[in-house]
Asks: 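I'd like to ask some things about the structure below.
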Amino acid sequence: MKKWISTSTAGMGDRLVCFASSLRRDENALINWPIQKSVLGVGNAEVNTKPTHGGERPFDHLFNYEGHITEYNGISINGDNLQEIREKFGVATNGNWRLWLNNEEMEKYGYQDYKYNSVPQEIRNVYVPIFQRIKSMVQDDIKEEVEKYLHELDHDIVGIHLRTFDGKHYFNKDFDNDHKGVINLFKSAMDKFPKSTKFLLATDDSRAKNELEKDYNIVELENRGLWDQKFDLVEALVLSNCKHLILTSMSHYSELIWWFAGAHNNVIPLYPKVQIQKTGTIPDWIDNSLFTNEYI
């Protein structure tokens, strides 16, 4: 069996979905998380000056896992020599952000990214234990921080990850974003809960909190900040303990929260159709019937 090296260079959700996929094929998979800036801010000078999702620290800063490497058999790992490593040592590398399925599963189900409640139980049974294994690798100081937050939060708080795909941070700065439509979509989901409900909000858009807290009881974790991998992991783990979740489809960070939560059915995945269509990035393998809940 080939040795696998997980080499994703994207955000927290993408990297851990990639790692989970590698662990399925090789339970002792290696992992390389380089320190580099994200490509998500291309064309935006303000974003390009920040240490974005590419990472501030490597994998071993967050997880207790012996498989983190920066070189393989004396060869330093970077984008220029991965092919050499693959050919010379017969290893396989996985930088693909999609959840990996074998040929039989692909033929039976097709891609399962972003599908939440529609993901077959057979696939959940495969990947829930893998994501639980990843959770078990988390460094003790992070686990302690998560427990501290959980002790302070109400037991019935509803977890929300709201990603607006705002052009300022995720696409060209002149991108025509439907921010209001996305916020309204989340409001329609939040209205399903009693008026007294507290919502634990994680969002990449400061306007979202300002808008939602006018009508809802919004809570955020202390010291919340963008571009911080450690905080991203802490927040994902805290949110995964919420009994009910409202999540953004087309975001692997949202999906990571759901897998950490055990891939349960107490989730409302929101597909902001109009906004996503503006990006031109609705994948052809996503079932269009999912995009029916603009107004829930």
Asks: Test of understanding: with ring-ring contact (aromatic ring centres under 6.0 Å, His included), list the residues that count as partners of H161, not counting sequence neighbours.
Replies: Y253
Asks: Checking K143 side chain against S136 main chain: does a donor-acceptor pair fall under 3.5 Å?
Replies: yes
Asks: Check step by step if side chain to side chain contact (heavy atoms under 4.5 Å, CB included) holds for I5 and I31.
Replies: CA-CA 5 Å; I5 305 175; I31 189 164; over 6 Å; no
Asks: Is it the case that E107 and N103 place a side-chain donor and acceptor less than 3.5 Å from each other?
Replies: no
Asks: When rounded to the nearest 0.5 angstrom, what distance separates CD1 in I85 from CD1 in I77?
Replies: 5.0 Å
Asks: Would you say the ring centers of W97 and H252 fall short of 6.0 Å from each other?
Replies: yes
Asks: Test of understanding: clusters of I, L, V, M, F, W, Y form through side-chain heavy atoms closer than 4.5 Å, transitively. Do L270 and F193 belong to the same one?
Replies: yes
Asks: Name every donor-acceptor pair, under 3.5 Å, that has one atom in a side chain of residues 262-269 and the other anywhere in the protein, sequence neighbours excluded.
Replies:
unit_1 : atom_1 : unit_2 : atom_2 : d
H264   : ND1    : N266   : N      : 3.0
N265   : OD1    : R124   : NH1    : 2.9
N265   : OD1    : R124   : NH2    : 3.3

Asks: Quick check with a 6.0 Å cut-off and a 45 degree axis cone: is R24 positioned over the face of W100's six-membered ring?
Replies: no
Asks: Take D26 and K3 through the salt bridge (Lys or Arg N to Asp or Glu O under 4.0 Å) test and state the conclusion after the steps.
Replies: CA-CA 7 Å; D26 176 1; K3 171 55 64 180; 3.2 Å; yes
Asks: Would one find more than 12 heavy atoms of other residues, nucleotides or ligands at under 6.0 Å from atom CD of E66?
Replies: no
Asks: Would you call the rings of F89 and Y72 parallel, tilted or perpendicular, taking 30° and 60° as the class edges?
Replies: perpendicular
Asks: Heavy-atom count check: over 12 atoms from other residues, nucleotides or ligands less than 6.0 Å from K198 NZ?
Replies: no
Asks: Are Q112 and Y127 close enough that a side-chain donor and a side-chain acceptor fall under 3.5 Å?
Replies: no
Asks: Would you find a donor on one side and an acceptor on the other, under 3.5 Å apart, between the side chain of N64 and the backbone of M137?
Replies: no
Asks: For residues I123 and W259, report the shortest heavy-atom separation together with the two atoms involved.
Replies: O-CH2, 4.2 Å
Asks: Using the rule given for salt bridge (Lys or Arg N to Asp or Glu O under 4.0 Å), can you reason through K230 versus D141, listing the C-alpha separation, both sets of side-chain angles and the distance that settles it, and then say yes or no?
Replies: CA-CA 10 Å; K230 180 178 178 181; D141 64 316; 3.1 Å; yes
Asks: Does a salt bridge link D14 with R98, judged by any charged N lying under 4.0 Å from a carboxylate O?
Replies: no
Asks: Around K88, counting heavy atoms of other residues, nucleotides and ligands shown, do more than 12 lie under 6.0 Å from its NZ?
Replies: no
Asks: Counting neighbours of CD on Q121 that are heavy atoms of other residues, nucleotides or ligands and sit closer than 6.0 Å, is the number greater than 12?
Replies: yes
Asks: Between S6 and N94, is the side-chain hydrogen bond (donor to acceptor under 3.5 Å, both in side chains) condition met? List the steps.
Replies: CA-CA 5 Å; S6 184; N94 174 23; 4.9 Å; no
Asks: Check the pair E27, R133 against salt bridge (Lys or Arg N to Asp or Glu O under 4.0 Å), reporting the backbone distance first and the verdict last.
Replies: CA-CA 10 Å; E27 65 179 15; R133 181 186 172 197; 5.6 Å; no
Asks: Are more than 12 heavy atoms from other residues, nucleotides or ligands located less than 6.0 Å from atom OH of Y109?
Replies: yes
Asks: Does the side chain of R86 come under 3.5 Å of the side chain of T93 through a donor N or O and an acceptor N or O?
Replies: yes
Asks: According to a hydrophobic-cluster definition based on side-chain heavy atoms being under 4.5 Å apart (Ile, Leu, Val, Met, Phe, Trp, Tyr only), do I130 and W4 belong together?
Replies: no
Asks: With no hydrogens and no angle check, is any side-chain donor or acceptor of E105 less than 3.5 Å from a backbone partner on N102?
Replies: yes
Asks: In Å and rounded to the nearest 0.5 Å, what is the CG to CG distance from D191 to D215?
Replies: 8.5 Å
Asks: Just by distance, do the side chain of S21 and the backbone of V17 share a donor-acceptor pair under 3.5 Å?
Replies: yes
Asks: How long is the gap from CD on E144 to CD on Q139, to the nearest 0.5 Å?
Replies: 11.0 Å
Asks: If we check side-chain contact (heavy atoms from CB on, under 4.5 Å) with E235, which of these qualifies: V146, L200, L221, I257?
Replies: L221
Asks: Taking a hydrophobic cluster as the set of Ile, Leu, Val, Met, Phe, Trp and Tyr residues connected by side-chain heavy atoms closer than 4.5 Å, whether directly or through intermediates, do V238 and V219 fall within one such cluster?
Replies: yes
Asks: Quick one: do V138 and F231 end up in the same hydrophobic cluster if we chain Ile, Leu, Val, Met, Phe, Trp and Tyr together by side-chain heavy atoms under 4.5 Å apart?
Replies: yes
Asks: Please determine whether the number of non-hydrogen atoms from other residues, nucleotides or ligands lying under 6.0 Å from atom NZ of K187 exceeds 12.
Replies: yes
Asks: Under 3.5 Å, is there a donor-acceptor pair between the side chain of N81 and the main chain of S76?
Replies: yes
Asks: F260 pairs by side-chain contact (heavy atoms from CB on, under 4.5 Å) with which of N241, L233, L239?
Replies: L233
Asks: Can you tell me how far the OG1 atom of T7 sits from the CZ atom of R15, to the nearest 0.5 Å?
Replies: 10.0 Å
Asks: In Å and rounded to the nearest 0.5 Å, what is the CZ to CD1 distance from F19 to I134?
Replies: 5.5 Å
Asks: How far apart are the closest heavy atoms of W258 and Y116, and which atoms are they?
Replies: CH2-O, 3.3 Å
Asks: Do the side chains of V182 and I160 join up, straight or via other hydrophobic residues, at under 4.5 Å, putting them in one cluster?
Replies: yes
Asks: Nearest 0.5 Å, please: how far is OG in S240 from CZ in F131?
Replies: 12.0 Å
Asks: Taking I218's backbone N and O only, do any of them form a donor-acceptor pair with E213's side chain (distance below 3.5 Å, no angle check)?
Replies: no
Asks: Closest heavy-atom contact between A236 and L256?
Replies: CB-CD2, 4.4 Å
